[in-house]
Trainee: 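Starting off with a structure, shown below.
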Amino acid sequence: MSVEPSEKVEAKLSLEDYVKVLEAKLEQLVFENKSLEYKYNKLLMDVEKLQRQVEYYKSQIEKLITPPLIEATVIDVLKDGRVVVRSSTGPNLVVQALDSIDLSLLRPGARVALNQRGSAIVEALPESEDPLVKSMEVIERPSVKYSDVGGLSEQIMELREVIELPLKKPDLFKEIGVEPPKGILLYGPPGCGKTLLAKAVASEAEAAFISIVGSELVQKFIGEGARIVRELFQLARRKAPAIVFIDEVDSIASRRIDIGTSGEREVQRTLMQLLAEIDGFKPLDGVKIIAATNRVDILDPAILRPGRLDRLIEIPPPNPSGRVEIFKIHTKRMKLADDVDLGELAKVTEGLCGAEIKAICTEAGYFAIRSGRSVVSMSDFINAVKKTLAKRDVRGRPKEIEQSLLNVYQ
Ligand code: ATP
């Protein structure tokens, strides 16, 4: 039977339609598949979240049902392996230690946990960090390098010899028979890099940096300051090689004309402890002290005696080339316009310290951001210099900058 041409077209059309319907269905299925995948992943995430919650609640329940332990301090370890402890509840006890406990940790003075009956040591506790020393900062390895300190190359050289080298190569000093200083005193006006330098030495000597501000050692309670000093040095010995940095040392080591009040006697006691600690360690024991002050003139000579902080290093305000170096350091990561002249900036910042130069660089960056630019121009810096100088004037300090130089950029 022959097919008419019009019927052929109809048949073809319906096949095309059928394909279209199938394609639409396929699309629909692909879409449904995706949304199911999405739902599945979401459910998986919900399951994981719920599992985490279950784990958390389990651990909380475990904590609630575990009987409390008793804190105790080891007094002595007997030859038969038993341990004498002073429990925090009062009495001295002779107890056993669980086999799982590393006996080398049970030194006199170590903190341990006893089971609830107080009959056995079940855990050696970590050594406590003194909560009273809030401002004590411990940095295992500071990240500051000598190249981050501008304009103090002579001071860096001296510090390398008297602090870095003895910490890194004590044997060299033992062999030659030279005793390096136990500590040094950095003195100079605020914000010129004393703390920065001390951190850089610790970093380059691969030593821990333990710092405290002297005024924190002036405590309300009798004996507290001395105790903190003792613990500061205990910590330093544990972390050796270490640098103990005491900022504002004048607050505990200033010369006293008469020790009248009990507060002054307490400060004196803290100083005595500090001197005893300095006298108590050897120059090559892996601990060095760097003290810093803005008031070297009022220091008690006792702390500067030979064998104590007998090396004095001045950290003066930066000179013009020092200021250029400091500007370079603090603009290292900034995008500077071609007109920025660091030499010129060094000229107009006569008398400013490193911290102020750093503040100028940050402020200049803000000026650029406020004007919607990512490149910092000379006028941003000049505005920042003006702002910093205005702050100085508020603080009542003499204006040492030649205004005429600033006017050039107005
Ligand atoms: P203070 O006597 O007030 O404790 P300081 O002399 O210890 O002051 P730092 O705390 O070291 O001063 O300086 C503050 C900040 O200023 C540093 O973190 C650093 O960013 C910057 N700064 C100071 N001096 C320099 C410098 N010479 N080179 C580079 N940056 C410096």
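Treat the numbers as computed from the prediction; the structure is a model and nothing was measured.
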Trainee: Tell me the closest heavy-atom pair linking A346 and V324, and the distance in Å.
Mentor: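 Taking every non-hydrogen atom into account, CB-CG2, 3.5 Å.
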Trainee: State whether a side-chain donor-acceptor pair under 3.5 Å links S371 with R373.
Mentor: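 The answer is yes; a qualifying pair exists.
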Trainee: Scan side-chain atoms only and decide if S119 and N115 contain a donor-acceptor pair under the 3.5 Å cut-off.
Mentor: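 Their side chains do contain a donor-acceptor pair, which is all the 3.5 Å distance test asks for.
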Trainee: Could you grab the distance from atom CG of L304 to atom CG of L309, nearest 0.5 Å is fine?
Mentor: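 The CG atom of L309 is 6.5 Å from CG of L304, to the nearest 0.5 Å.
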Trainee: For the residue pair A202 and P142, what are the closest heavy atoms and their distance?
Mentor: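 Scanning both residues, the minimum pair turns out to be CB-CG, 3.8 Å.
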Trainee: Which ring pair (Phe, Tyr, Trp, His ring centres under 6.0 Å) pairs, counting each pair once, include a residue from residues 230-250, with sequence neighbours left out?
Mentor: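 Those involving residues 230-250 are F209-F245.
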Trainee: Pair up each side-chain donor or acceptor in residues 153-174 with any protein partner under 3.5 Å, not counting sequence neighbours, and list the distances.
Mentor:
{"from": "Q155", "atom 1": "NE2", "to": "E314", "atom 2": "O", "distance (Å)": "2.9"}
{"from": "E158", "atom 1": "OE2", "to": "R311", "atom 2": "NH1", "distance (Å)": "3.1"}
{"from": "R160", "atom 1": "NE", "to": "E164", "atom 2": "OE1", "distance (Å)": "3.1"}
{"from": "R160", "atom 1": "NH2", "to": "E164", "atom 2": "OE2", "distance (Å)": "3.3"}
{"from": "E164", "atom 1": "OE1", "to": "Y146", "atom 2": "OH", "distance (Å)": "2.7"}
{"from": "E164", "atom 1": "OE2", "to": "K168", "atom 2": "NZ", "distance (Å)": "3.2"}
{"from": "K168", "atom 1": "NZ", "to": "E204", "atom 2": "O", "distance (Å)": "3.1"}

Trainee: Would you please test T388 and E356 for side-chain hydrogen bond (donor to acceptor under 3.5 Å, both in side chains) and show each step?
Mentor: CA-CA 7 Å; T388 306; E356 284 166 317; over 6 Å; no
Trainee: Distance from I329 atom CD1 to I357 atom CD1, nearest 0.5 Å?
Mentor: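 I329 CD1 to I357 CD1: 10.0 Å, rounded to 0.5 Å.
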Trainee: For D148, which of K328, K332, K199 qualifies under salt bridge (charged side-chain N to carboxylate O under 4.0 Å, His left out)?
Mentor: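 Filter result, single survivor: K332.
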Trainee: Will you find, in the side chains of S14 and D17, an N or O donor that is under 3.5 Å from an N or O acceptor?
Mentor: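 There is no such pair between these side chains.
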Trainee: Quick check: closest heavy atoms across A242 and A236, and the distance to 0.1 Å?
Mentor: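 Residues A242 and A236, closest heavy atoms: CB-O, 3.6 Å.
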Trainee: Assess the residue pair N294 and Y187 against the criterion (side chain to side chain contact (heavy atoms under 4.5 Å, CB included)); give the C-alpha distance rounded to whole Å, side-chain angles, the decisive distance to 0.1 Å, and a yes or no.
Mentor: CA-CA 6 Å; N294 307 326; Y187 68 95; over 6 Å; no
Trainee: Tell me whether R82 at atom CZ has more than 12 heavy atoms from other residues, nucleotides or ligands lying less than 6.0 Å away.
Mentor: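 No, the 6.0 Å shell around CZ holds no more than 12 heavy atoms from other groups.
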Trainee: Run the numbers on D341 and M378 for side chain to side chain contact (heavy atoms under 4.5 Å, CB included), then give the verdict.
Mentor: CA-CA 7 Å; D341 184 340; M378 188 65 169; 4.1 Å; yes
Trainee: Check step by step if salt bridge (charged side-chain N to carboxylate O under 4.0 Å, His left out) holds for D310 and R305.
Mentor: CA-CA 6 Å; D310 53 2; R305 261 187 222 134; over 6 Å; no
Trainee: Would you say CZ of R370 has more than 12 non-hydrogen atoms from neighbouring residues, nucleotides or ligands within 6.0 angstrom?
Mentor: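 It does: R370 CZ has more than 12 such atoms within range.
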Trainee: Starting from the C-alpha separation in whole Å, work towards a yes-or-no answer on side chain to side chain contact (heavy atoms under 4.5 Å, CB included) for Q273 and R230.
Mentor: CA-CA 7 Å; Q273 185 64 41; R230 225 173 14 249; 3.5 Å; yes
Trainee: How close do L105 and A124 get, heavy atom to heavy atom, and via which atoms?
Mentor: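 What the structure gives for the nearest pair is CD1-CB, 4.0 Å.
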Trainee: Step by step, would you call V249 with L299 a side chain to side chain contact (heavy atoms under 4.5 Å, CB included)?
Mentor: CA-CA 8 Å; V249 70; L299 279 193; 4.2 Å; yes
Trainee: I'd like to know whether CZ of R333 has more than 12 heavy-atom contacts from other residues, nucleotides or ligands below 6.0 angstrom.
Mentor: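 Incorrect, the count does not exceed 12.
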Trainee: Would you say CD of E32 has more than 12 non-hydrogen atoms from neighbouring residues, nucleotides or ligands within 6.0 angstrom?
Mentor: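 Enclosed.
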Trainee: For V149 and A200, work out which heavy atoms get closest and say how close.
Mentor: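 Nearest pair, atom of V149 first, then A200: CG2-CB, 4.2 Å.
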Trainee: Please check if the number of heavy atoms outside K335 that lie under 6.0 Å from its NZ is greater than 12.
Mentor: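 No, NZ of K335 has 12 or fewer neighbouring heavy atoms, counting only those of other groups under 6.0 Å.
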Trainee: Quick one: CG on L345 to CD1 on I360, what's the gap to the nearest 0.5 Å?
Mentor: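 Result: 8.0 Å between the selected atoms.
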